[in-house]
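Worth knowing before you read on, the calculation uses all heavy atoms, side chains too, and leaves out hydrogens, waters and symmetry mates.
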Amino acid sequence: MNKYIKLSTLTLSIFISLTWIDVSQSTELSKEKITINDLYQFNEISSIDVSHSANQIAYSVSSVDEKKDAYRNDIWLLDVNKNKEKILLKGNPSVGKIKFSPDDTLIAYLAPGMGKYSEYQQIWTISTNYSLKKQRTKLKANINDFEWSPEGTQMVFVAESKATDKKTKKTGIQTPKPIVIDRYHFKQDGKDFLDDERQHLYLLDIKSRNTKQLTQGNSNEILPSWSPDSKKIAYVTKTGEMDRTDNYDIYILDIDSIDNPIQLTTNLGADSSSSRPQWSPDGKRIAYLHGGDPALLWYALQELAVIDVDTKIHSILTKELDRNASSPQWSHDGQNIYFVIEDNMKSQLAQYSLKDQKIKRITPPNYYISGWSKNYVVRNEKIGLILSNTNSPDEVFFYDEGNLNQKSHHNSELLSSRKILETETISFKATDGEELFGMMIKPDNFDPSKQYPLIIRMHGGPVSQYGLYFNYDWQLFAANGYVVMVTNPRGSSGRGIDFQKVIFADWGNVDADDISQLANYAISLGYIDENRLGLGGWSYGGMLTNYVIAKDQRFKAATSGAGIANILSGFGDDQYIREYIVEIGTPWDNTETWLKVSHPFLNANNIVTPTLFLVGEKDYNVPLIGSEQMYQALKYLNIPTELIVYPGEHHSFSTPSYNKDVLERYLAWYEKYLN
């Protein structure tokens with residue numbers, strides 16, 4: 001009998017174990033693959049702020065309104081202690097930055113105004129308790145930034161007068177006036193032809209709603225920052241012939257004597273041009289981003305620095321780090337400065353100790369924080385931040401006393417029903433022995449004994465990086481049966497200045513070879529079909545696609561988004577006139593260099609890869625002509641090709657159905673030529 005009991009217990013134990021395995025497998029099997037329709041189901045989180053009490057977090061969530069074919073934005077309010085959240089404001093077509101008032105009773109945000117101000121971004125507030133909203137400004141100008149004064153009675157904001165409407169009127173017989181251009185830098189993506197509009201600082205009295213202009217003239221003043229005593233404002237501008245230089249510096253303006261602002265930084269590089277100057281708690285120092293050598297443009301490093309307000313003596317704190325830094329913010333006691341480090345596929349929040357000059361990384365390496373927008377806020381050493389990893393898009397997290405906890409779950413329900421395929425890290429050797437790093441996603445039910453088509457994707461920039469974050473596109477390609485690989489070739493950021501400046505005035509050379517070496521590495525694994533290689537990218541990723549297919553004939557399908565191959569056609573047609581002159585000179589003085597970087601167009605007869613070109617009609621970053629010329633060249637050569645132009649769109653698309661269409665066309669193109 002004892003034997004029977006033991007046997008029965010063992011049998012029951014095995015049965016229970018197998019049952020759990022079956023349930024687990026069943027749950028996994030019941031999950032669906034990522035599909036193109038999931039694109040509209042994901043929510044994007046941005047514009048975070050933490051209340052001064054550190055008890056609440058406000059953030060915006062962007063989602064798709066399919067009926068209107070538009071993006072909508074909601075403001076959410078999260079109670080950190082109770083783990084409860086609610087929608088504070090719902091359904092706005094656009095919401096800019098959001099910011100708690102110093103007493104935490106209001107949240108200010110940017111949104112279109114009412115009535116005759118409906119075409120202009122204005123400052124609004126909404127109460128945190130009663131959701132009562134008020135339009136605080138009434139200016140016929142677009143407001144793109146603001147900051148509360150520390151005592152909460154005022155705001156400083158940046159407003160840009162609306163350019164003259166250049167569109168043909170729909171009623172009457174009025175003919176639009178000719179567009180008169182006399183500026184050196186006369187085009188900008190998202191703004192079309194530039195007029196004489198300027199961005200200036202204004203002061204808003206919260207109670208009376210009266211506004212006062214603080215700056216004027218021929219310059220743009222951006223990124224204002226209040227001193228702790230609410231008496232001064234630091235801001236960033238460039239003076240002189242502003243269209244011909246990127247020499248941004250920090251200035252300080254006394255709000256009681258606005259006529260004579262003081263120049264604080266004098267470095268020839270672009271100081272704090274992309275990150276707000278940060279006053280120390282005692283008001284004696286400012287933390288900022290020190291711009292690198294202006295002769296290196298974006299190939300130079302952005303480094304964390306501190307400057308004394310009285311003596312104007314500065315020190316670069318991350319000089320030995322050899323990595324880009326961004327988004328500085330002081331600790332409450334003024335002993336530490338938080339900032340974001342970009343490092344080899346990672347982007348981590350870090351803390352610099354002024355006491356011992358040491359750097360401590362706060363967030364783990366497998367969580368990615370964007371350094372290009374302020375995705376974290378420190379309050380009394382408690383931190384609200386937006387993080388992603390390879391299995392989940394951005395969500396809100398809260399860091400307190402060494403503990404990092406996820407607080408929002410806007411994509412969790414969707415992800416729980418989808419098969420999120422594993423992202424593996426890879427490394428391989430370049431032709432010259434340099435070690436390169438990247439990532440790979442394999443299809444579901446991957447079998448190494450089989451042969452799979454490969455898609456290599458390339459990032460824009462060129463000085464940017466692919467990181468350990470969630471990428472819907474890669475998951476979609478892998479879900480459709482492709483092995484997906486990405487890498488950060490030479491010219492990418494995250495590996496130090498020597499790594500990123502190596503392609504200066506030498507585009508499509510060593511970086512294109514790095515992509516070919518990635519293909520070689522993929523083939524060496526044994527499960528990639530060398531006759532089914534595909535690649536593609538957007539912006540510089542589209543350009544690099546053009547460079548690769550002009551040199552490497554192994555690829556059977558390519559998608560080139562918003563790219564250019566005949567660089568000569570960009571001179572005067574895109575927004576980079578300053579950068580062209582610095583990097584490759586003029587076409588008449590440096591003809592050979594211009595011809596070298598135009599290699600794909602001038603050697604289009606070497607291309608055999610069927611290539612899909614896609615571009616926004618109003619893209620002035622990498623304009624339509626770049627794609628048109630490559631399409632025309634391949635069409636003449638009878639290479640399979642198509643050109644897709646998206647009406648009214650700029651470099652980044654603002655219409656959900658167009659973003660979906662891009663991915664559908666990618667899939668159709670790869671299916672046609674790789675399967």
Would you call E147 and R276 a salt bridge, taking side-chain N to carboxylate O under 4.0 Å as the test?
yes
Donor on one side chain, acceptor on other, Y338 and E381, under 3.5 Å:
yes
Tell me if the CD atom of Q216 is crowded by more than 12 foreign heavy atoms within 6.0 Å.
no
Indicate the ring-plane relationship of Y368 and Y469, choosing parallel, tilted or perpendicular according to the 30° and 60° boundaries.
perpendicular
Is the backbone of Q302 close enough, under 3.5 Å, to the side chain of N324 for a donor and an acceptor to pair up by distance?
yes
Any idea how Y576 and W298 line up, ring-wise: parallel (<30°), tilted (30 to 60°), or perpendicular (>60°)?
perpendicular
Salt bridge (Lys or Arg N to Asp or Glu O under 4.0 Å) involving R495 - partner list, sequence neighbours excluded:
E434
All pairs passing ring pair (Phe, Tyr, Trp, His ring centres under 6.0 Å) where residues 82-101 contributes a residue, at least two apart:
none
Just so I know, are the side chains of K232 and V309 near enough to count as touching, which here means a heavy-atom distance under 4.5 Å?
no
Verify the distance criterion only: is there a donor paired with an acceptor across the side chains of S539 and H651 at less than 3.5 Å?
yes
Taking atom types as modelled, is there a side-chain donor on N81 or N55 under 3.5 Å from an acceptor on the other?
yes
How are the rings of H459 and Y466 set relative to one another: parallel (under 30°), tilted (30 to 60°) or perpendicular (over 60°)?
perpendicular
So, N43 side chain and H410 main chain: donor-acceptor pair closer than 3.5 Å or not?
yes
If you draw a 6.0 Å radius around NZ in K407, do more than 12 non-hydrogen atoms from other residues or ligands fall strictly inside?
yes
Is a side-chain N or O of Q465 found less than 3.5 angstrom from the main chain of M345, in a donor-acceptor match?
yes
Pair Q56, D104: side-chain N/O donor-acceptor within cut-off below 3.5 Å:
no
No-hydrogen, no-angle side-chain donor-acceptor test under 3.5 Å, E221 and S219:
yes
So, Y71 and N659: side-chain donor and acceptor under 3.5 Å apart, yes or no?
yes
Which atom names give the shortest non-hydrogen contact between A54 and V80, and what distance separates them?
O-CG2, 4.1 Å
F146 six-ring face occupied by K97 cation (under 6.0 Å, within 45°)
yes
Taking side chain as C-beta onward, heavy atoms only, is N129 less than 4.5 Å from T105?
no
CA sep, side-chain torsions, deciding dist, call: R379, D400, salt bridge (charged side-chain N to carboxylate O under 4.0 Å, His left out)
CA-CA 10 Å; R379 301 287 189 201; D400 185 14; over 6 Å; no
Decide if atom CD of E320 counts as having more than 12 heavy atoms of other residues, nucleotides or ligands within a radius under 6.0 Å.
no
Ring centers of F42, F470 separated by less than 6.0 Å:
yes
Are any of the side-chain nitrogens in D473 or R457 under 4.0 Å away from the carboxylate oxygens of its partner?
no
Close aromatic pair by centroid cut-off 6.0 Å: F397 and Y367:
yes
side-chain contact (heavy atoms from CB on, under 4.5 Å), that's the test. Do K312 and T266 meet it? Break it down for me.
CA-CA 9 Å; K312 301 182 183 179; T266 55; over 6 Å; no
Does D356 offer a backbone N or O that forms a donor-acceptor pair with the side chain of S353 under 3.5 Å?
yes
